Every structure is written in C-alpha cells, then in structure tokens.
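One structure below.
Just so it is clear, the model here is predicted, and its values are computed rather than measured.
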Amino acid sequence: MKLIRYWFVTSPENRFGPGNFGVTAYSKEEGIEMIIKAMTSLGLQQLLTNLNEDTEVIANIDIRILDEGHIIPNMGVVTYEGVWYPNLNM
C-alpha cells in the first residue's frame, strides 16, 4: 500500500482554504481516525462537526490548488503520514 494525500472538505464555502483538513494516510478511513484523534487530543472537537460520511474527500489532492495565503505556508510535510493541515505531523 502507498500513502495518499487526502483533503477533507469540512468547510465547503471555503473549499481549498481554512476550515478543512489535509492528511496523508493509507486509506480515507485511517485519515478520518487521525483527524479525530488529533483534534480530540488538542481539545478541538468542535472542529469535527462537519466531518462525517457525507464529507467531500479529495484523494491525491494537488496542493498547488490550496489557498496560497494561508494553507500552503501553514501546512506540514505532505509526504509524511499524518495530519499536515493543520500542521500536526512535524
């Protein structure tokens, strides 16, 4: 299996900007687990409100389309396993 870059669109009105999650994982399900674990450990469960089975998920997201003013300068390394937006994998 290979790692896949996922973009979880939990803020559809700002599809490629803040309010969403970037994760590199072996599966979408593993990515969801990573997000839930990370946000829970940080006490930020309120950010998980829109993360459900209907959440749009973009596999192999081209990071060049993400918000250049906020996402790109504040994300972690997308080739490492873990949550890279917000930057939690470094």
Side-chain angles (χ1 to χ4, degrees):
M1 293 179 73
K2 70 176 194 168
L3 287 168
I4 300 169
R5 273 184 327 275
Y6 292 101
W7 185 248
F8 289 83
V9 182
T10 54
S11 183
E13 65 282 355
N14 193 21
R15 194 165 183 237
F16 299 115
N20 303 292
F21 296 99
V23 180
T24 299
Y26 289 103
S27 69
K28 178 177 98 171
E29 293 74 23
E30 181 187 39
I32 291 170
E33 289 175 18
M34 288 179 186
I35 293 168
I36 292 170
K37 182 178 178 182
M39 294 303 107
T40 301
S41 71
L42 293 171
L44 298 173
Q45 297 90 327
Q46 72 273 15
L47 299 179
L48 301 173
T49 305
N50 295 326
L51 183 64
N52 56 53
E53 64 275 353
D54 295 326
T55 299
E56 178 186 4
V57 181
I58 303 170
N60 297 311
I61 184 77
D62 180 348
I63 62 169
R64 295 174 296 181
I65 67 172
L66 299 176
D67 182 280
E68 291 179 10
H70 184 78
I71 303 298
I72 292 177
N74 293 297
M75 66 186 194
V77 180
V78 300
T79 55
Y80 293 173
E81 185 175 17
V83 180
W84 46 265
Y85 187 81
N87 183 355
L88 300 174
N89 71 346
M90 293 186 60

Next on the checklist: If hydrophobic residues (ILVMFWY) are linked whenever their side-chain heavy atoms come closer than 4.5 Å, directly or via other members, who joins Phe8 in its cluster?
Outcome noted: Ile4, Tyr6, Phe21, Val23, Ile32, Met34, Ile35, Ile36, Met39, Leu42, Leu44, Leu47, Leu48, Leu51, Val57, Val83, Leu88
Could you pull out all donor-acceptor pairs under 3.5 Å where a side-chain atom in residues 75-82 meets a protein atom, sequence neighbours excluded?
none

Less than 3.5 Å apart, which donor and acceptor atoms pair up between the side chains of residues 62-71 and the rest of the protein, not counting sequence neighbours?
from  : atom 1 : to    : atom 2 : distance (Å)
Asp62 : OD1    : Arg64 : N      : 3.0
Asp62 : OD1    : Arg64 : NE     : 2.9
Asp62 : OD2    : Arg64 : NE     : 3.3
Asp62 : OD2    : Arg64 : NH2    : 2.8
Asp67 : OD1    : Gly69 : N      : 2.9
Asp67 : OD1    : His70 : N      : 2.5
His70 : NE2    : Tyr85 : OH     : 2.9

Checklist outcome for this item: Tightest non-hydrogen contact, residues Gly31 and Ala25, listed as N-CB, 3.7 Å
Next on the checklist: Taking side chain to side chain donor-acceptor pair (under 3.5 Å) as the cut-off, I'd like each qualifying pair that reaches into residues 10-20, sequence neighbours left out, listed once.
Outcome noted: Ser11-Glu13, Arg15-Glu56
Next on the checklist: Checking the side chain of Ser41 only, and the main-chain atoms of Ala38 only, is there a donor and an acceptor separated by less than 3.5 Å?
Outcome noted: yes
Item to check | Rounded distance [0.5 Å steps], CD1 in Ile58 versus CH2 in Trp7 | outcome: 8.5 Å
Next on the checklist: Going by the rule side-chain contact (heavy atoms from CB on, under 4.5 Å), which residues pair with Asn52 if we only count those two or more places apart in sequence or in a different chain?
Outcome noted: Asp54, Thr55
Item to check | Co-members of Tyr26 in a cluster of I, L, V, M, F, W and Y side chains, linked at under 4.5 Å | outcome: Met1, Leu3
Next on the checklist: For the backbone of Ile61 and the side chain of Arg5, can you confirm whether one donor and one acceptor N or O come within less than 3.5 Å of each other?
Outcome noted: yes
